[in-house]
Number of protein chains: 2
Amino acid sequence: MSAQKVDYYASESKIYIATDCIIFGFDNESIKLLVFKRRVAPFEGEWSLIGSFVKNDESVNNAAKRVLREITGLENVFMKQLKVYGEVDRDPGSRCITVGQYALIRIEDQDKALVEKHGAVWHDLHELPDLVLDHNTMVKDALTQLRLRASYQPIGFELLPEKFTIPSLQKLYEEIYQIEFDARNFRKKIIALDVLTKLDEKDKSSSKKGAFLYKFNPTKYNKLLEAGINFKL
Amino acid sequence: MSAQKVDYYASESKIYIATDCIIFGFDNESIKLLVFKRRVAPFEGEWSLIGSFVKNDESVNNAAKRVLREITGLENVFMKQLKVYGEVDRDPGSRCITVGQYALIRIEDQDKALVEKHGAVWHDLHELPDLVLDHNTMVKDALTQLRLRASYQPIGFELLPEKFTIPSLQKLYEEIYQIEFDARNFRKKIIALDVLTKLDEKDKSSSKKGAFLYKFNPTKYNKLLEAGINFKL
DNA sequence: TTTTTTAAATGTACAAAATACATTTATTAT
DNA sequence: ATAATAAATGTATTTTGTACATTTAAAAAA
């Protein structure tokens with residue numbers, strides 16, 4: 001459709017456009033979601049995803065990037081459109097559609113002061129409070145999307161620090177899918193993918209022996225993609 | 001985001017919302033896309049996807065359903081959101097974002113007179129003309145989505161008549177993925193899925209021997225889904 | 001210095017799934 | 001009766017997935 005026809009439609013167009021971010025993080029224990037308690041009306045005191053109206057001079061995707069930057073201080077974050085929530089009555093205030101976008105961030109990279117300043121809190125994904133409007137639905141949809149995407153693209157690395165161990169990667173996938181993997185088979189499969197670079201360092205924070213650190217190798221991954229090889233966890 | 005804050009944003013909100021349909025069909029030969037030649041400005045005489053502005057009193061998804069019904073006469077069609085195209089300058093006329101939605105229809109079910117009345121034409125997917133705005137991009141994205149989804153959900157049946165043969169199903173998948181499958185292995189895999197019901201009739205339109213007709217069995221498929229079994233072509 | 005403790009690292013046998021590949025069959029047309 | 005056409009079928013091989021138990025490195029405690 002082209003808006004060069006706007007004259008014919010001007011009288012109809014009173015629909016506001018927002019974007020809401022479903023922000024996932026991982027703290028080596030469980031998957032977290034960044035939400036905040038609204039400090040002003042409407043829905044003062046209630047939990048909500050973090051979002052914004054789309055401004056006239058920014059793209060929908062850039063609006064989401066802006067929101068993320070304003071809250072966490074982060075740029076160049078992994079973010080994908082989830083879907084448009086466009087029911088007529090989804091927002092009792094006024095007709096407003098929103099574009100859900102989910103983001104994967106490395107919690108330790110966040111600007112903690114900025115996050116706190118906005119009253120944003122990392123909540124355990126599997127024990128979320130009630131959120132305003134259809135935000136709980138958005139989170140549910142986003143998790144489904146995350147699982148689907150994680151099954152054909154190694155996005156897990158987006159949630160981990162640059163250097164990570166195989167056991168922590170396994171833990172992450174266990175949290176995403178809520179099932180346990182066999183450590184030997186998991187390691188075998190990940191190593192076989194051949195997208196990791198093993199480092200000489202160890203992380204001894206969780207065992208006396210320590211676990212070797214690895215780095216994700218995007219070059220190798222892109223070669224895989226070009227060769228048309230489809231990853232399957 | 002909630003639009004109960006509209007007062008603060010009212011001055012900013014001059015963004016039009018449209019939806020465009022990427023309508024796929026299959027004629028037992030190749031995959032087709034339904035497009036039309038614009039008869040009025042803007043872009044008069046150019047090829048375009050079929051879309052509409054979203055009306056104040058209809059949801060985004062219903063707007064797409066309306067478009068599909070107005071053009072093809074069909075309801076209850078398989079349709080999924082693709083993504084939002086929300087770049088600031090994507091439409092030179094006025095700020096307008098559009099929600100791309102792809103649909104899979106059974107060509108023979110269409111209201112042919114209605115389609116013709118609208119100047120809509122089925123074009124070979126792999127030999128499309130230049131379309132207006134970013135519509136070619138939308139089609140490319142939709143095909144990627146279609147391939148992805150077809151790999152974990154048997155949506156191929158949405159494009160076939162109620163009764164179809166295994167060879168025609170194979171041909172469809174070959175068209176979607178643009179690769180050839182081994183007829184024995186393809187048949188084995190599809191039968192093993194156990195979501196088809198074999199009929200006593202044959203379709204003799206393409207061979208002397210004739211090929212048995214099958215029907216898709218949604219009940220069996222839903223049982224599979226519930227059991228958590230993930231289809232993989 | 002030895003022993004204990006902890007989680008990391010490793011290998012193999014078996015089962016299931018994917019792949020490669022050639023012949024027979026049912027039917028119509030000649 | 002024969003020829004022609006596409007449909008239908010089976011098997012052996014390779015690849016991938018799964019189940020499962022022991023050893024190892026390092027730190028802490030004795």
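FYI, side chains are in, hydrogens and waters are out, and symmetry mates aren't considered; it's all heavy atoms of this structure. Naming: A, B, ... by sequence-line order, numbering from 1 per chain. These figures come from a predicted structure and were not determined experimentally.
- The nucleotide whose nearest atom lies closest to any side-chain atom of A/Lys189 is, among D/dT18, C/dA8, C/dT19, D/dT18.
- Per the geometry, CZ belonging to B/Phe186 stands 12 Å off P belonging to D/dA8, to the nearest Å.
- At least one donor-acceptor pair under 3.5 Å links the side chain of A/Thr19 to the backbone N or O of A/Val99.
- Remark: the A/Lys188 side chain and the D/dT16 base include no donor-acceptor N/O pair separated by less than 3.5 Å.
- Scanning for side-chain hydrogen bond (donor to acceptor under 3.5 Å, both in side chains) contacts around A/Glu201 gives A/Lys163, with sequence neighbours left out.
- Applying the side-chain hydrogen bond (donor to acceptor under 3.5 Å, both in side chains) rule to B/Lys188 yields the partners B/Asn185; only residues at least two apart in sequence or on another chain are considered.
- Separating the CG atom of B/Leu193 from the C1' atom of C/dA17 is a distance of 13 Å, rounded to the nearest angstrom.
- Considering only residues two or more places apart in sequence or on other chains, A/Phe216 meets the ring pair (Phe, Tyr, Trp, His ring centres under 6.0 Å) condition with A/Phe157, A/Tyr221.
- Separating the CD atom of A/Glu180 from the C1' atom of D/dT18 is a distance of 16 Å, rounded to the nearest angstrom.
- When the salt bridge (Lys or Arg N to Asp or Glu O under 4.0 Å) test is applied to B/Asp27, the partners found at least two apart in sequence or on another chain are B/Lys32.
- In this structure, the ring pair (Phe, Tyr, Trp, His ring centres under 6.0 Å) partners of B/Trp47, at least two apart in sequence or on a different chain, are B/His123.
- Residue A/Ile191 contributes atom CD1, which lies 14 Å from atom P of C/dA8 at whole-angstrom precision.
- Between A/Lys171 atom NZ and C/dA7 atom P the separation is 13 Å, expressed in whole Å.
- Spacing between atom CZ of B/Arg184 and atom C1' of D/dT9 amounts to 9 Å, rounded to whole angstrom units.
- In terms of position on DNA chain C, the residue among A/Lys209 and A/Asn185 whose nearest nucleotide sits closer to the 5' end is A/Lys209.
- B/Ile190 places its CD1 atom 15 Å from the C1' atom of C/dA17, with the value rounded to the nearest Å.
- To the nearest 0.5 Å, the span separating NZ on B/Lys83 from NZ on A/Lys80 amounts to 8.0 Å.
- Out of C/dA8, D/dA21, D/dT9, the shortest distance to the side chain of B/Arg187 is found at D/dT9.
- To the nearest angstrom, P of C/dA8 lies 14 Å from CG of A/Asp182.
- Near DNA chain C, meaning a heavy atom under 4.0 Å away, the residues from residues 197-208 of chain B are B/Lys202, B/Lys204, B/Lys208.
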